[in-house]
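Both counts, for ligands and for their atoms, begin at 1 and track the order of listing.
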Amino acid sequence: MHESMKKILEKIKEYDKILIFRHFRPDGDAVGSTRGLAEILKLTFPEKKIYLQNADFSEYLSFYGKEDELLPDEEYADALGILMDTATRKRISNQKFELCKEYVKIDHHIPVEDYGVIQWVEELRSSTCEMVAAFYDAFKDELKINAQAATYIYTGMVTDSGRFRFRDVSGETMRLAGVMLDQGVDTDTLYSHLYMRDFDSFKFEAYVHRKMKISPSGVASIYVSKAMQKKFNLSSEEASSAVSYMDSIKGSLIWLAFIENQDGSIRVRLRSRFVTVSEIAENYRGGGHACAAGATVYSKKEMKKLIAEADERLKNYKENNEGWL
Ligand code: AMP
């Protein structure tokens, strides 16, 4: 058991009010881990006030409904903040977390910034939800769970691991996923929510496959302008899913989606197998995991530079490694 787990449980016990935060532009892991932990704490400590305090919302996960309304500032002063799935404080969705009396960090990203009175960071975990499952499992004599909490947690375990496909999935991941399934997760409904797409989205996928480019060494990339997002009637979240349409092209070990933001800046999503791409992201105001990272560029010129850097990296990788696909 990680040494911080017990400390976090003790800290939770000290407080009557607990506010739970996550990163902005939430994914299944951010939403699942915060909702899952909140549910476990509500069940276990019915006398405590537990609130999700986030300033944005995910359309993709809207089947889970809205999160809690933001509390007035003065409500933060006597609360413990739990900041989840977020490597750096500036990525927290609701910056008012700073008003909390104390806060702790629970995360599985590469630790680039220390923050919080207790930090429980395990970068080898496949998801923050896996950590919440481990937390429940470690203290299951004390903590309560139900099918709803397990479903939130299982959602993040499934989505952040690419459906249990990425290399950080361990035997422990699967054992903990089993612990969650045993609580009665309705996987038919969950997977329907995760996989169902509007017809427009299939047309967009066809567009991505038609327009994507492959660099000399095999970097696949697509640029999705604001005009295209409008044409296909896409939210920026839907447009961002373009990256996953390029994930299994033989020889393309790096694939990149460039999504134009409303303000003209360009969100970059970097993905890879075998090759590390987080270092490229770090050169362009970003970061993330070795094989899944994000960044921002401010012009087409900068976009081309990033692609050239990725191409060079892939070239080196292919020259110096064998057995890649
Ligand atoms: P995304 O492509 O936005 O899903 O991001 C992939 C991974 O990289 C996630 O784990 C993000 O938390 C991380 N990430 C994305 N953008 C940034 C950024 N600007 N700075 C640091 N990490 C990021």
Practice item. Answer yes or no for H23: is there a heavy-atom contact with ligand 1 below 4.0 Å? Key: no

Exercise for review: Compute the minimum heavy-atom distance from A293 to ligand 1 and say whether it is under 4.0 Å.
Suggested key: yes

Relative to [Y], does [X] satisfy both conditions: NZ or CZ under 6.0 angstrom from the six-membered ring centre, and within 45 degrees of the ring's axis?
{"X": "K66", "Y": "F57", "result": "yes"}
{"X": "K7", "Y": "W120", "result": "no"}
{"X": "R89", "Y": "Y103", "result": "no"}

At a 4.0 Å threshold, what atoms of ligand 1 neighbour a non-hydrogen atom of [X]?
{"X": "R285", "result": "19 (N)"}
{"X": "A292", "result": "6 (C), 7 (C), 8 (O)"}
{"X": "H289", "result": "10 (O)"}

Exercise for review: For a side chain to side chain contact (heavy atoms under 4.5 Å, CB included) with D27, tell me which candidate from L61, D160, T159 qualifies.
Suggested key: D160

Check your understanding: With the threshold set at 4.0 Å, does a side-chain nitrogen-carboxylate oxygen contact exist between D247 and R165?
Key -> yes

Check your understanding: Does a side-chain N-to-carboxylate-O contact under 4.0 Å join K304 and D311?
Key -> no

Exercise for review: Check each of R269, H109, R25, E282 against atom 2 (O) of ligand 1 and report the one with the nearest heavy atom.
Suggested key: R269

Check your understanding: For atom 13 (C) of ligand 1, which candidate among S244, G288, A295 provides the closest heavy atom?
Key -> G288

Review point. In terms of residue, atom name and distance, what is the protein heavy atom nearest to atom 23 (C) of ligand 1?
Key: G287 O, 3.3 Å

Exercise for review: Using a 4.0 Å heavy-atom cut-off, say whether R271 meets ligand 1 through its side chain, its backbone, both or neither.
Suggested key: side chain

